[in-house]
Amino acid sequence: MLDLAFIREHPDLIKDVARRRKTAVDVDALLALDADLRETRRRAEFLRAEQNRLSRSIQQAGPDKEAREGFIAQGRAVAAELKELEPRERDLEARLREYLLLVPNIPDASVPEGAGEEDNVEIKRVGQPRQFDFEPLDHVALMQGQDWLDLERAAKVAGSRSYILKGDAVLLELALMQFALQRIAAKGFQPLDVPVLAREYCFFGNGQFPRGREQTYSLPEDEVYLVGTAEVSITGMHTGEILREQDLPIRYVGYSPCFRREAGTYGKDTRGILRVHQFYKVEQYVICRADHEESVRWHEDLLRNSEEIVEALELPYRVLNICTGDLGDAKVKGYDIECWIPSEGRYRETHSDSYFHDYQARRADLRYRDADGVVRYVHTLNNTALASTRTIIALLENHQQRDGTVRIPMALRPYLGGRETLGKPWRG
RNA sequence: GGAGAGAUGGCAGAGUGGUCGAUUGCAGCGGUCUUGAAAACCGCAGCCCGCAAGGGCCGGAGGUUCGAAUCCUCCUCUCUCCGCCA
């Protein structure tokens, strides 16, 4: 959410931003509601002041019955008008907020202009895609050859985009989570295991709602929703708080399952476990002072943390600067890390590193008191440390061996009991 | 799931229809005193909208009333007991 006063003063900038981000926002309707609300509120406040004056007069009138009755009659008239005005005031507030929630954030000047993902700009490429001296398998063939994956029964249990991991694949999944969690924790991030069933306000605060509603699983009976990332719950944790500046920055590393409906993706990435409804993720989350330079520093730091993880797993990757048309509404700027997927002969997204300035903080009403005692909205950032399924794909495909086993990268071995390979030889 | 109790400022804890944004204690900030610290004493202190005047905020949302922290309804959360349960 942006500052209403800012929108009021820069309507053309907002319209331009909305156009560049391909986001529909009716700025004129928003401003009309704002004007209407301000006028309504001005009148209501005048009446409330009148009411307070009359209330005092009634007390001061004491036993003077006549004066008393006069004031009470006046009070009745004021109350009658307020009774009409107040519902209108509330209604305008609610409608204005609905519009406000749809206004996207303002991208940083360093965000490339573009219509969609094809315009994202590669800013870095690390590692060489491996040259195989045998015919490499894709993750599905590889995993099925090892009896690590059962997609048919998963579909029977839970429908499409589900999976059942088996055997070493399960151990690998847990090892990856441990590996990422411990690595980030060692940098001073506090590990967090948060609720994955969260209330609606968390999703509004984080920026998922109202626009992303159809991507979220809901449990209407209990008025909770399944989070698509721990970020939602972490934002919800601090909603409505005023933090102390000396407690900033707050650094968390959250671990959670993630649920995504993937509505509207029929026919896209249908093979294997690249695009699934449920996976696990270790997520970095930072709350810092309201300072652009500090946000930028953290954004780069979080990227570096994730790069180190990918490098330790010996995966070739590249980093993209996400363009205006592909950037989520709430973000000021975002980097994606994409890992090399041999079977596709291309890089695929495994990480997303974002900063928001005070956009999420305004929605979530998350503030801090600075050294001068001024209350400000915090800045928030987050980045994937490691997402289970996509990392499993990249790791298995990149480190597969001729005989169908998989070499475990050195850094991961401590989390797999010191083993050097996964699986049994079954081909070659 | 059933029965009951409660929710007030950073914390503790008064206040049951009329200058109550709210007594008080602790913590906090500033000052006096002190070589320094502690103690003592004095003072300042919450959040939101507004340039201001002013208005709003006592878990949240409605309602009753000229007037609500106080009365009514719904919701959320916490605690106690019973049931169920990994």
Side-chain angles (χ1 to χ4, degrees), chain A residues 1-9 30-31 33-101 193-205 209 218-225 232-233 235-248 250 257 290 358 361-378:
Chain A
M1 197 154 75
L2 295 178
D3 182 10
L4 179 56
F6 181 86
I7 297 173
R8 216 178 269 148
E9 285 157 25
L30 185 157
L31 292 175
L33 278 172
D34 175 47
D36 198 354
L37 173 60
R38 291 212 289 171
E39 180 53 31
T40 304
R41 182 173 284 157
R42 201 189 57 75
R43 176 67 184 164
E45 284 187 0
F46 168 78
L47 290 173
R48 280 191 274 263
E50 193 64 26
Q51 204 164 47
N52 289 338
R53 268 193 295 279
L54 285 165
S55 184
R56 273 190 292 272
S57 301
I58 290 167
Q59 288 168 72
Q60 282 158 9
D64 184 343
K65 218 165 175 127
E66 197 169 317
R68 227 182 138 80
E69 291 302 326
F71 290 133
I72 287 175
Q74 285 180 58
R76 240 189 282 273
V78 171
E81 187 177 347
L82 265 178
K83 199 166 182 170
E84 305 220 331
L85 226 48
E86 282 178 333
R88 178 169 165 72
E89 194 183 357
R90 281 197 296 271
D91 177 59
L92 286 167
E93 276 168 7
R95 282 164 58 201
L96 179 61
R97 185 171 169 83
E98 277 176 31
Y99 276 93
L100 231 33
L101 287 171
D193 180 348
V194 292
V196 294
L197 289 170
R199 294 219 165 91
E200 193 178 52
Y201 82 84
C202 303
F203 292 80
F204 275 106
F209 285 5
S218 69
L219 285 73
E221 195 78 354
D222 299 289
E223 293 182 358
V224 288
Y225 301 78
V232 173
S233 307
T235 302
M237 264 169 77
H238 287 296
T239 291
E241 295 184 3
I242 298 178
L243 306 168
R244 302 182 306 175
E245 181 166 22
Q246 67 251 42
D247 293 331
L248 301 179
I250 294 176
D358 61 8
R362 277 181 195 281
R363 287 176 163 248
D365 190 26
L366 173 49
R367 297 171 293 172
Y368 72 104
R369 200 181 310 277
D370 75 9
D372 300 321
V374 179
V375 176
R376 300 179 187 283
Y377 289 103
V378 299

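In the text below, chain A, chain B and the rest are named by the order of the sequence lines, each starting its count at 1.
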Phosphate oxygens OP1/OP2 of rG63(B): is one of them under 4.0 Å from a side-chain N or O of Lys83(A)?
no
Partners meeting salt bridge (Lys or Arg N to Asp or Glu O under 4.0 Å) with Glu200(A) (sequence neighbours left out)
Arg213(A)
Touch class at under 4.0 angstrom, heavy-atom based, for Arg369(A) against every strand present
sugar-phosphate
Less than 4.0 angstrom between a side-chain N/O of Asn52(A) and OP1 or OP2 of rG56(B), yes or no?
yes
Are Arg43(A) and rG55(B) close enough that a side-chain N or O sits under 4.0 Å from OP1 or OP2?
no
More 5' along RNA chain B: Ala49(A) or Phe71(A), using each one's nearest nucleotide?
Ala49(A)
With a 4.0 Å cut-off on heavy atoms, is Val375(A) in touch with a base, just the backbone sugar-phosphate, or nothing at all?
sugar-phosphate
Record whether the side chain of Gln51(A) comes under 3.5 Å of the base of rG67(B) through a donor-acceptor pair of N or O atoms.
no
Within a reach of under 6.0 Å around CZ of Arg48(A), are more than 12 heavy atoms found that belong to other residues, nucleotides or ligands?
yes
Would you call Arg376(A) and Asp358(A) a salt bridge, using N to O less than 4.0 angstrom?
no
Heavy atom of residues 194-202 of chain A under 4.0 Å from RNA chain B: which residues?
Arg199(A)
Does Arg90(A) place a side-chain N or O at less than 4.0 Å from the phosphate oxygens OP1/OP2 of rG62(B)?
yes
Students often mix this up, so state it plainly: with edges at 30° and 60°, are the rings of Phe209(A) and Phe203(A) parallel, tilted or perpendicular?
parallel
Leu4(A) CG - rC48(B) C1' separation (whole Å)
14 Å
Evaluate the criterion salt bridge (Lys or Arg N to Asp or Glu O under 4.0 Å) for residue pair Glu93(A) and Arg90(A); output intermediate values, then yes/no.
CA-CA 5 Å; Glu93(A) 276 168 7; Arg90(A) 281 197 296 271; over 6 Å; no
With rounding to whole Å, what would you report as the distance between rG59(B) and rA68(B) at their P atoms?
15 Å
Quantified in whole Å, what is the P atom distance between nucleotide rG2(B) and nucleotide rU16(B)?
33 Å
Have a look at Ile58(A) and say if it touches a base, only the backbone sugar-phosphate, or nothing, with a 4.0 Å heavy-atom cut-off.
base
How about Leu366(A) and Thr239(A): do any of their side-chain heavy atoms sit closer than 4.5 Å?
no
Within the structure shown, what part of the strands sits under 4.0 Å from Arg56(A) by heavy-atom distance: base, sugar-phosphate, or nothing?
nothing
Comparing Ala5(A) with Arg53(A), nearest RNA chain B nucleotide closer to 5' gives the residue Ala5(A)
Rounded distance [0.5 Å steps], CG in Leu47(A) versus CG in Leu85(A)
6.5 Å
